[in-house]
Amino acid sequence: MTLWLSIGLLFTFTAIIFVLCKWWNTLCIGVTPLPVLTFVAILFTSGLDVGLIMFPLTEFAGYADLAASPEYNFANPLAIEFGFWGFLIWGFYFLTCFYFCMIEPRVKFFEIPAVKFVNNAVIIGTCAFTAFLLLVNLPWYLPDLGDGEAVLPVFYMIVIAAIAAAVYSSSKIKYVRILSVGSSVLFMLLIATMWTDAFLLGDGTVGDFFGTAGMIGEYFTNLHEFMLPLNDYHAFYLFWWFSWSVMIGQFTARFVSGLRTWQLMLAMLIFPSVAIGTWFSVLYYYHAEELVISTAVNLAMISVGILMVVNSLDSLIRLYSENLNLTAERAGKGKYFVGNFLLMCGLTVLFMLDFLQIEWVGALVIALYLGCFVYILKNKRREVMAINSSPPENQLDFGKLKRSH
């Protein structure tokens with residue numbers, strides 16, 4: 001699996017370089033373009049889940065334990081954490097977003113029946129894995145509701161409610177703007193609240209915070225270290241990112257807002273990374289100073305995290321429903337809700353039973369990447385090399401989404 005993952009990574013980075021060299025200044029317009037900030041909000045909140053909110057606090061200590069994990073000795077724990085979540089790996093999303101916006105309309109690789117089946121299996125599986133992660137980590141997130149380890153009935157109810165909310169919101173695309181912008185605003189408020197609390201709890205200064213944030217610089221001076229898996233845990237993250245990439249690319253491509261290719265890349269790498277870096281710096285300051293997170297702040301964290309899960313599930317459920325032509329309009333709202341709800345709950349249980357693994361899903365996505373490349377070389381090379389603009393039917397009209405729904 002490590003060899004397969006390494007092949008996928010090297011191919012992905014090579015493809016990104018080729019896209020930038022070939023279409024550096026090409027204007028990219030999606031089917032239903034939205035303003036840049038709204039597009040970035042959708043990208044950020046759809047492409048992340050509750051793990052961003054809570055995982056770092058459980059991982060900093062492990063990255064600092066060089067006796068157990070000497071492979072982390074090239075950078076500090078904050079830089080390592082950022083490397084697992086930020087900047088370079090958002091290039092996966094850039095590549096797939098560009099592909100589905102500019103190339104897939106001419107190639108139609110994902111309309112091949114076998115490819116369509118695998119693609120939707122990937123989307124559905126990753127969607128369920130998102131709910132599974134929330135379920136298995138709720139005992140740690142909300143220790144006041146249990147012993148911090150056992151998955152109690154109340155945690156199942158929280159996940160079931162999140163799935164139900166996501167299925168309902170996915171029935172109309174107009175909700176995506178509300179969810180994405182709302183999640184982004186609440187996330188920024190959470191950062192501001194925790195930053196303020198950090199100064200009230202300790203004796204730190206604004207300079208201390210920026211000093212902590214500066215530690216992320218070790219990520220950029222060691223960027224090459226993150227291009228291949230450092231260990232099995234890093235490989236898990238990379239497979240996870242691969243599993244998300246193909247579907248986030250499909251979903252966000254429709255909202256691309258008239259950016260040049262290089263601008264699209266920078267928007268997709270920089271904006272999310274700034275937010276992630278700021279958040280991780282706040283969390284690392286709490287970790288380093290051993291500050292206690294209050295119950296109210298902890299509840300705020302888990303609330304924002306659950307909202308991000310709803311946002312992500314909403315995007316993915318809508319995507320596979322449209323791909324399978326099983327939308328709420330076609331199936332009826334009742335059948336749409338019950339069918340998707342039962343499917344997500346059932347697959348979440350399969351992940352609980354270790355019947356499914358996210359590494360398998362990520363490996364399938366790498367196969368899709370390579371299969372698409374071979375298909376283009378064999379059947380569509382001339383068409384792809386001739387691309388010099390967005391599909392002619394895509395117009396820069398920010399009101400199109402509102403009028404169409």
Side-chain angles (χ1 to χ4, degrees), residues 44-63 65 77 80-82 84-86 125-166 183 186-187 190-191 194 232-241 243-244 276 279-280 282-284 286-287 292-316 344-362:
F44 182 74
T45 53
S46 299
L48 293 167
D49 59 25
V50 70
L52 174 79
I53 303 296
M54 307 297 282
F55 274 17
L57 288 173
T58 70
E59 295 173 334
F60 288 137
Y63 300 147
D65 187 359
I80 298 291
E81 188 71 54
F82 182 79
F84 279 32
W85 287 90
T126 308
C127 197
F129 181 72
T130 299
F132 159 76
L133 276 184
L134 175 61
L135 178 60
V136 297
N137 284 286
L138 277 174
W140 186 86
Y141 298 159
L142 297 171
D144 293 342
L145 297 182
D147 59 7
E149 295 182 3
V151 180
L152 303 177
V154 65
F155 300 137
Y156 283 99
M157 295 304 297
I158 291 172
V159 173
I160 288 172
I163 292 174
S183 298
L186 290 175
F187 181 61
L190 177 62
I191 293 175
M194 291 193 67
D232 289 344
Y233 192 57
H234 188 210
F236 159 76
Y237 261 99
L238 292 170
F239 275 123
W240 189 9
W241 279 93
S243 70
W244 274 88
I276 290 170
W279 172 242
F280 285 0
V282 171
L283 291 183
Y284 191 71
Y286 271 77
H287 168 77
V292 177
I293 297 176
S294 68
T295 300
V297 171
N298 188 61
L299 287 174
M301 290 172 68
I302 191 60
S303 298
V304 172
I306 291 173
L307 185 58
M308 283 189 169
V309 169
V310 172
N311 203 320
S312 298
L313 292 177
D314 165 278
S315 305
L316 304 182
M344 286 300 102
C345 291
L347 288 175
T348 300
V349 171
L350 290 182
F351 273 108
M352 285 289 291
L353 298 175
D354 287 333
F355 186 78
L356 296 175
Q357 299 289 331
I358 196 63
E359 290 87 345
W360 304 346
V361 181

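Note that the structure is a prediction, hence the values are computed from the model and not measured. Note that the numbering runs from 1 along the sequence shown for the chain.
By the 4.5 Å heavy-atom criterion applied to side chains, F132 and I358 are not counted as neighbours. Contact of the L307 side chain with the V304 side chain is not registered, since no non-hydrogen atoms from C-beta on lie closer than 4.5 Å. At least one side-chain heavy atom of I80 sits less than 4.5 Å from a side-chain heavy atom of F84. Side chains of L283 and E81 form no contact here, defined as non-hydrogen atoms less than 4.5 Å apart.
What you find for G305 and I53 is that their closest heavy atoms are CA-CG1, 3.8 Å. For the pair S312 and W244, the tightest heavy-atom approach, listed with the atom from each and the gap, is CB-CH2, 3.5 Å. Nearest heavy atoms, A131 versus T348: CB-OG1, 3.5 Å. When every heavy atom of L299 is checked against every heavy atom of I302, the shortest pair comes out as O-CG2, 3.1 Å.
Looking at W85, its side chain never comes within 3.5 Å of a backbone N or O of P56 through a donor-acceptor pair.
Between the CG atom in L135 and the CZ atom in F155 there is a gap of 9.0 Å [rounded to 0.5 Å]. Atom CG of L133 and atom CG of L138 lie 10.5 Å apart (nearest 0.5 Å). Taken from CE in M344 to OG1 in T130, the straight-line distance is 9.5 Å, to the nearest 0.5 Å. In this structure, CZ in F60 is found 13.0 Å from OH in Y286, a value given to the nearest 0.5 Å. L238 contributes atom CG, which lies 11.0 Å from atom CD of E359 (distance to the nearest 0.5 angstrom).
The distance between the ring centers of F236 and W240 falls below 6.0 angstrom.
Remark: F55 engages no residue in a ring pair (Phe, Tyr, Trp, His ring centres under 6.0 Å) (not counting sequence neighbours).
If you run ring-ring contact (aromatic ring centres under 6.0 Å, His included) between Y237 and each of W241, F239, Y233, only Y233 comes through.
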Exercise. Would you please test Y284 and H287 for ring-ring contact (aromatic ring centres under 6.0 Å, His included) and show each step?
Key: CA-CA 5 Å; Y284 191 71; H287 168 77; 5.7 Å; yes
